[in-house]
Protein chains: 2
Amino acid sequence: MPRMGVVAGSDTRERILAEALEAFGTNGFEATSLDDLAEQLGVRKQTILYHFGSKSDLFMATIDAAVGELGEAMVEAGRGRTGWSAVESVVNTVFRIAVREPARLGLLRETTRLGGEWANRMRESLTPVIEKARLFLTLEMRRGNMRQTDPNLVLVSAYSTVMGVATEVEVLRAVGIEPTLREAVKRRRELLRFLEAALVA
Amino acid sequence: MPRMGVVAGSDTRERILAEALEAFGTNGFEATSLDDLAEQLGVRKQTILYHFGSKSDLFMATIDAAVGELGEAMVEAGRGRTGWSAVESVVNTVFRIAVREPARLGLLRETTRLGGEWANRMRESLTPVIEKARLFLTLEMRRGNMRQTDPNLVLVSAYSTVMGVATEVEVLRAVGIEPTLREAVKRRRELLRFLEAALVA
DNA sequence: AGGTCTGTCTACCAATTGGTAAGGGCAAGG
DNA sequence: CCTTGCCCTTACCAATTGGTAGACAGACCT
């Protein structure tokens with residue numbers, strides 16, 4: 001039987017995935033009900049269950065999509081660049097994502113919070129990207145372009161910093177920084193200076 | 001199951017608060033049910049409601065307690081110190097808390113995620129501490145002991161980094177760092193070098 | 001002894017949750 | 001035309017949730 005190949009077919013699945021990413025990343029797993037999700041999509045809850053089987057499966061699919069695309073974007077940003085320019089490019093890319101789709105980074109954080117099997121899955125998706133980054137750092141250190149330290153710890157620090165600066169909105173407010181685009185640009189520049197000072201020899 | 005509590009001075013309230021901190025900080029607000037909480041305390045849910053009125057009120061009380069003590073600890077750690085030594089002392093203190101009571105930092109993060117009135121409340125509790133820190137940084141910069149940058153952004157970066165390095169367990173695992181005590185010590189040392197390189201002129 | 005206050009409990013409840021069962025519309029294709 | 005498979009729906013449900021109402025036991029006070 002030929003699969004229903006007509007173009008106009010159901011984009012419902014994709015729409016669900018997008019909305020789920022938004023909801024899970026913003027409000028968290030438990031606080032996102034399938035009914036609400038369905039209502040926002042103008043669809044019944046059973047439609048969601050039809051496409052994804054269960055809430056857990058939906059969440060897992062969301063992780064795969066979100067992490068996958070994020071990883072690709074990062075690898076793409078670093079491709080063909082070397083030294084500080086590569087770091088800069090990756091940070092810029094992640095920052096752009098953080099501003100345009102904050103829920104995507106929020107989902108990462110939510111997943112680490114939930115732990116268990118889901119976190120494993122995310123970790124596996126993320127591993128190749130991290131491996132690339134580690135290789136890059138090791139090389140740069142050996143070349144003397146970067147401070148000689150444990151690349152793993154550098155990665156964690158950088159990740160945490162980017163993630164935090166990009167998503168800890170309330171903390172930003174606490175120090176008097178409003179989450180506007182203009183401020184985001186300033187923050188990114190400052191973050192880069194911060195990283196450069198810490199990393200570049 | 002008949003259960004009779006002969007209690008002299010009600011430490012129940014304190015026990016609830018402690019357990020709530022652990023649960024909210026680890027599993028989040030929505031994923032923490034009053035029934036579960038009560039069961040872990042060997043108490044009925046209505047006892048919790050008697051002491052705190054509602055789940056929201058309990059959460060708010062938890063924030064107040066957690067943030068209050070954290071702030072005190074940080075102020076205490078910085079008292080009487082100047083320059084890099086002060087930063088170091090504060091970071092050490094926060095790290096100790098992160099290792100011994102990860103749920104306390106988790107609660108902060110959870111609160112920023114929930115946003116709204118609760119985040120406001122946390123922000124207000126945190127403001128005095130942040131104000132102290134900002135003053136400190138401004139002074140150090142003017143004295144030439146630290147790089148001349150926007151103190152707000154430095155604060156955000158430092159906060160994010162400490163918080164992230166302390167709590168992003170899965171990401172740590174992803175780069176091959178197991179959350180053991182020994183590793184935590186290494187991470188702290190690395191974090192301090194990272195901060196020092198970025199901050200100290 | 002009797003009254004009041006405090007702390008905990010039992011009994012319930014309305015609402016919401018994720019999930020099952022089954023049916024209907026509709027295009028494809030024999 | 002009629003079957004088949006896809007997509008989405010209505011109907012329902014058992015479990016769980018936060019919360020109310022009220023009883024009961026002990027401590028303290030008079």
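Naming convention: chains lettered A, B, ... in sequence-line order (proteins, then strands); numbering from 1 in each chain. The model shown is predicted, which means the values in this text are computed figures rather than measured ones.
Remark: A/H51 is not in phosphate contact with D/dC6, judged by side-chain N or O atoms under 4.0 Å from OP1 or OP2. At least one side-chain nitrogen or oxygen of B/T12 sits closer than 4.0 Å to the OP1 or OP2 atom of C/dT8.
Applying the salt bridge (charged side-chain N to carboxylate O under 4.0 Å, His left out) test to pairs two or more places apart or on separate chains, those with a residue in residues 45-54 of chain B are B/D35-B/K45. Among pairs with a residue in residues 18-27 of chain A, none fulfils side-chain hydrogen bond (donor to acceptor under 3.5 Å, both in side chains), at least two apart in sequence or across chains. Residues in residues 74-93 of chain A take part in these salt bridge (charged side-chain N to carboxylate O under 4.0 Å, His left out) pairs, two or more places apart or across chains: A/E76-A/R79. Listed by first and then second residue, the salt bridge (charged side-chain N to carboxylate O under 4.0 Å, His left out) pairs that reach into residues 179-188 of chain A come to none, sequence neighbours excluded.
For the salt bridge (Lys or Arg N to Asp or Glu O under 4.0 Å) test, no residue two or more places apart in sequence or in another chain qualifies with B/R96. With sequence neighbours left out, B/V129 forms a side-chain contact (heavy atoms from CB on, under 4.5 Å) with B/M74, B/V75. Looking at residues two or more places apart in sequence or on another chain, you find a ring-ring contact (aromatic ring centres under 6.0 Å, His included) between A/F24 and A/F29, A/F59. In this structure, the side-chain hydrogen bond (donor to acceptor under 3.5 Å, both in side chains) partners of B/E131, at least two apart in sequence or on a different chain, are B/R134.
Atom CZ in A/R44 sits about 17 Å away from atom P in C/dG25, given to the nearest Å. D/dC6 atom P lies 18 Å from atom CG of A/D11, rounded to whole Å. If you measure from atom CZ of A/R13 to atom P of D/dC6, you get 14 Å, rounded to the nearest angstrom.
Within residues 58-67 of chain A, no residue has any heavy atom under 4.0 Å from DNA chain D.
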Enumerate the protein-to-nucleotides 16-19 of chain C contacts in which both atoms are nitrogen or oxygen and the separation is below 3.5 Å.
from: C/dT17; atom 1: OP1; to: A/S33; atom 2: OG; distance (Å): 3.4
from: C/dG18; atom 1: OP1; to: A/T32; atom 2: O; distance (Å): 3.4
from: C/dG18; atom 1: OP1; to: A/K55; atom 2: NZ; distance (Å): 2.7
from: C/dG18; atom 1: OP2; to: A/L34; atom 2: N; distance (Å): 3.0
from: C/dG18; atom 1: N7; to: A/K45; atom 2: NZ; distance (Å): 2.8
from: C/dG19; atom 1: OP2; to: A/K55; atom 2: N; distance (Å): 2.8
from: C/dG19; atom 1: O6; to: A/K45; atom 2: NZ; distance (Å): 3.2
from: C/dG19; atom 1: O6; to: A/Q46; atom 2: NE2; distance (Å): 3.2

Please list each protein N or O that sits under 3.5 Å from an N or O in nucleotides 4-6 of chain C, with the distance.
none

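Counting only heavy atoms from C-beta outward, the side chains of B/L108 and B/I63 never approach each other to under 4.5 Å.
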Less than 3.5 Å apart, which donor and acceptor atoms pair up between the side chains of residues 64-71 of chain B and the rest of the protein, not counting sequence neighbours?
from: B/D64; atom 1: OD1; to: B/R121; atom 2: NE; distance (Å): 3.1
from: B/D64; atom 1: OD2; to: B/R121; atom 2: NE; distance (Å): 3.2
from: B/D64; atom 1: OD2; to: B/R121; atom 2: NH2; distance (Å): 2.8
from: B/E69; atom 1: OE1; to: B/R104; atom 2: NH2; distance (Å): 2.6

